[in-house]
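Contents: one structure, followed by commentary.
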2 protein chains.
Amino acid sequence: MTATGTEIRVVLADDERMVRTALRVILEAEADLTVVGEAATGAEAVSVVRAVRPDVVLMDVRMPEIDGIRATEQILGSPGPGPRVVVVTTFENDSYVYEALRVGASGFLLKRAGAEDLVQAVRLVARSDSLLFPAALRGLAAEYARSRPPAPRWASRLTEREAAVLRLMATGLTNAEIAERLGVGPATVKSHVASVLAKTGVRDRTQAVIAAYESGFISPR
Amino acid sequence: MTATGTEIRVVLADDERMVRTALRVILEAEADLTVVGEAATGAEAVSVVRAVRPDVVLMDVRMPEIDGIRATEQILGSPGPGPRVVVVTTFENDSYVYEALRVGASGFLLKRAGAEDLVQAVRLVARSDSLLFPAALRGLAAEYARSRPPAPRWASRLTEREAAVLRLMATGLTNAEIAERLGVGPATVKSHVASVLAKTGVRDRTQAVIAAYESGFISPR
DNA sequence: TCGCCTCTCCCCCGTGCGGGGGAGACGGAT
DNA sequence: ATCCGTCTCCCCCGCACGGGGGAGAGGCGA
């Protein structure tokens, strides 16, 4: 389907032209690497990838319209063998790492990585079906993501105040203590608690806390 | 401290001589890679690494005496800049992946990986301080490991009955409901609950449930 | 302007919960 | 034979909790 023997076909997705140019220069300097497409938005990336069917996509996370994560999701979600997607970002400590893995990215590259790192990463990812951090880590990321689901359906229905009350409930505080922390009267907290119970569909604060844990609204530790 | 410019110094740790030889042949074929030591056990690996101070260690997981994970732990636990450790194993779906990351391994390599994958992985790991799957994923693995702690201190102090009551509490049941499920009287459940509260050092059932979640006594999902 | 939502707070009322006691039965350890 | 831990169940008591109402102030979009 895709070139494997010698030539590695790459698509660059980044909203900054300069970044794309820099990447292109670096990659084109290698005999076995060819940049076959560029995209400035997530939507563009999806269509370009569908059109040119590259081996590797270097995908920036922050892009207009559709971010890199969702673009990756769409690219890898389509049937058939997709490209390897390497997600590019500035910081390694943000949640993009987990998200990238969750949607099936093959690698993760920091913008501060050098040219050599870049080309080797591309080569590595293009070839490897069983290398550095593969399926097992995706499973890990999947589990991680599963433990923090997008947000429980009722979370969006909770108002700011109600959510705050629920979070404080989940620390084991009584209504009076919550009132103290929020600087409101106990009666106010009572009514918020009542709203939380109603919206979460449970009967008491204990069940509300359980629901908060089970839904990922809050997490252990 | 260690050679960075051109030569990458590698130590091989595997209990099978043939594997070590094969790895050595592959790596020595590259001008920039040098095998500076071998070890057949985890303990050997630790001492060899301390002696020769390599850039990269290829560490088999299954080894006599001390396995690769614990050896890695000891190697990276010592002060100063340690080598990059690439953990080598046969299957990618076992818990070694998480363990390897937890103890600070820089990479993970499958035995079925080809020669090219191997040398590129070594080069990549030797250079990269900010590449493919770094600190963020270690944090992920750490979090993963942390989420399944050995067992809370008070768990051993709870009797069978008390633990059962706590588990049922954590499903949101009232004392009366718990009594029904356990086939005992409500008063009995009350006293068990009282014991649980006393032993866990909390004041009400909500806090007990929180403690159960936080300590890993029970887990979301 | 008129609704609608959110946040705030009030009332009464019933009860599940937790504290503080005690007590009988069983079994295992000493 | 004695002690101790566990499981079982009882009493009384106070209170935080939750249900069911209502109500006023502010914001915000139709």
Side-chain angles (χ1 to χ4, degrees), chain A residues 150-218 220, chain B residues 150-218 220:
Chain A
R153 267 164 290 297
W154 45 260
S156 56
R157 311 209 54 224
L158 293 183
T159 67
E160 270 306 312
R161 217 53 172 165
E162 289 160 354
V165 168
L166 176 53
R167 278 188 288 269
L168 290 174
M169 271 196 271
T171 66
L173 300 181
T174 66
N175 289 341
E177 289 167 340
I178 294 172
E180 221 174 304
R181 302 243 181 148
L182 292 181
V184 298
T188 303
V189 174
K190 261 194 68 173
S191 73
H192 285 318
V193 169
S195 296
V196 169
L197 297 183
K199 288 182 177 178
T200 54
V202 299
R203 71 175 166 211
D204 56 36
R205 69 201 298 106
T206 302
Q207 286 190 353
V209 170
I210 292 169
Y213 271 103
E214 294 295 330
S215 69
F217 180 79
I218 53 151
Chain B
R153 270 166 291 294
W154 43 262
S156 56
R157 309 206 54 226
L158 293 183
T159 67
E160 271 306 312
R161 218 52 173 169
E162 289 161 355
V165 168
L166 176 54
R167 278 189 288 269
L168 290 173
M169 271 196 271
T171 67
L173 301 182
T174 65
N175 289 342
E177 290 165 339
I178 293 173
E180 221 174 303
R181 302 241 182 152
L182 293 182
V184 298
T188 302
V189 174
K190 260 195 68 173
S191 73
H192 285 318
V193 169
S195 297
V196 169
L197 297 183
K199 288 181 177 178
T200 55
V202 299
R203 69 172 167 218
D204 56 38
R205 65 198 303 105
T206 302
Q207 286 190 353
V209 170
I210 293 168
Y213 272 103
E214 295 294 329
S215 69
F217 181 79
I218 53 156

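Letters A, B, ... mirror the listed sequences (proteins, then strands); counts begin at 1. Treat the numbers as computed from the prediction; the structure is a model and nothing was measured.
Taking only side-chain atoms of His192(B), from C-beta outward, the nucleotide of dC17(C), dT8(C), dT8(D) with the closest atom is dT8(D). Closest contact between the side chain of Arg161(A) and the listed nucleotides dT8(D), dG19(C), dC7(C) involves dC7(C). Relative to the side chain of Lys190(B), the nucleotides dC12(C), dC9(C), dC12(D) differ in distance, and dC12(D) lies closest. Candidate nucleotides dC10(D), dT6(D), dC7(C) were compared by shortest atom distance to the side chain of Thr159(B), and dT6(D) ranks first.
Scanning both residues, Glu162(A) and Thr159(A), for their nearest heavy atoms gives OE1-N, 2.8 Å. Across Ile210(A) and Gly172(B), no two heavy atoms sit closer than the pair CD1-N, 3.2 Å. The two residues Leu168(B) and Thr171(B) have their closest heavy-atom pair at O-OG1, 2.6 Å. When every heavy atom of Val209(A) is checked against every heavy atom of Ala170(A), the shortest pair comes out as CG2-CA, 3.8 Å. Nearest heavy atoms, Val189(A) versus Asn175(A): CG1-O, 3.7 Å. Of all heavy-atom pairs spanning Ala212(A) and Ser215(A), the tightest one is O-OG, 3.4 Å.
Under the 3.5 Å distance criterion, the side-chain polar atoms of Glu177(A) are matched with a main-chain donor or acceptor of Thr174(A). Side-chain atoms of Gln207(B) come within 3.5 Å of backbone N or O of Arg203(B) as a donor-acceptor pair. Proximity of a side-chain donor or acceptor of Arg205(B) to a complementary backbone N or O of Val193(B) within less than 3.5 Å is not detected.
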*Summarise how protein sits on nucleotides 22-30 of chain D as a single string, 5' to 3': B when a protein heavy atom is under 4.0 Å from the base, S for sugar-phosphate-only contact, - for no contact.*
---------
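Within the 4.0 Å cut-off from OP1 or OP2 of dG18(D), not a single side-chain nitrogen or oxygen of Arg203(A) is found. In terms of phosphate contacts, Thr188(B) brings a side-chain nitrogen or oxygen within less than 4.0 Å of OP1 or OP2 of dC9(D).
Note: CG (Asp204(A)) to P (dG16(C)) measures 11 Å, nearest angstrom. Following rounding to the nearest Å, Leu158(A) (CG) and dC7(C) (P) show an atom-to-atom distance of 10 Å.
From Met169(B), atom CE reaches atom CG of Leu197(B) across 6.0 Å, with rounding to the nearest 0.5 Å.
In this structure, the helix from dT1(C)-dA30(D) to dA29(C)-dT2(D) shows an angle of 50° between the axis at its start and the axis at its end, each fitted on 5 base pairs and rounded to 10°.
By the 4.5 Å heavy-atom criterion applied to side chains, Val184(A) and Arg161(A) are counted as neighbours.
Near DNA chain D, meaning a heavy atom under 4.0 Å away, the residues from residues 167-184 of chain A are Thr174(A), Asn175(A).
Projected onto DNA chain C by closest heavy-atom contact, Ala187(A) and Glu160(A) fall at different nucleotides, the more 5' of which corresponds to Glu160(A).
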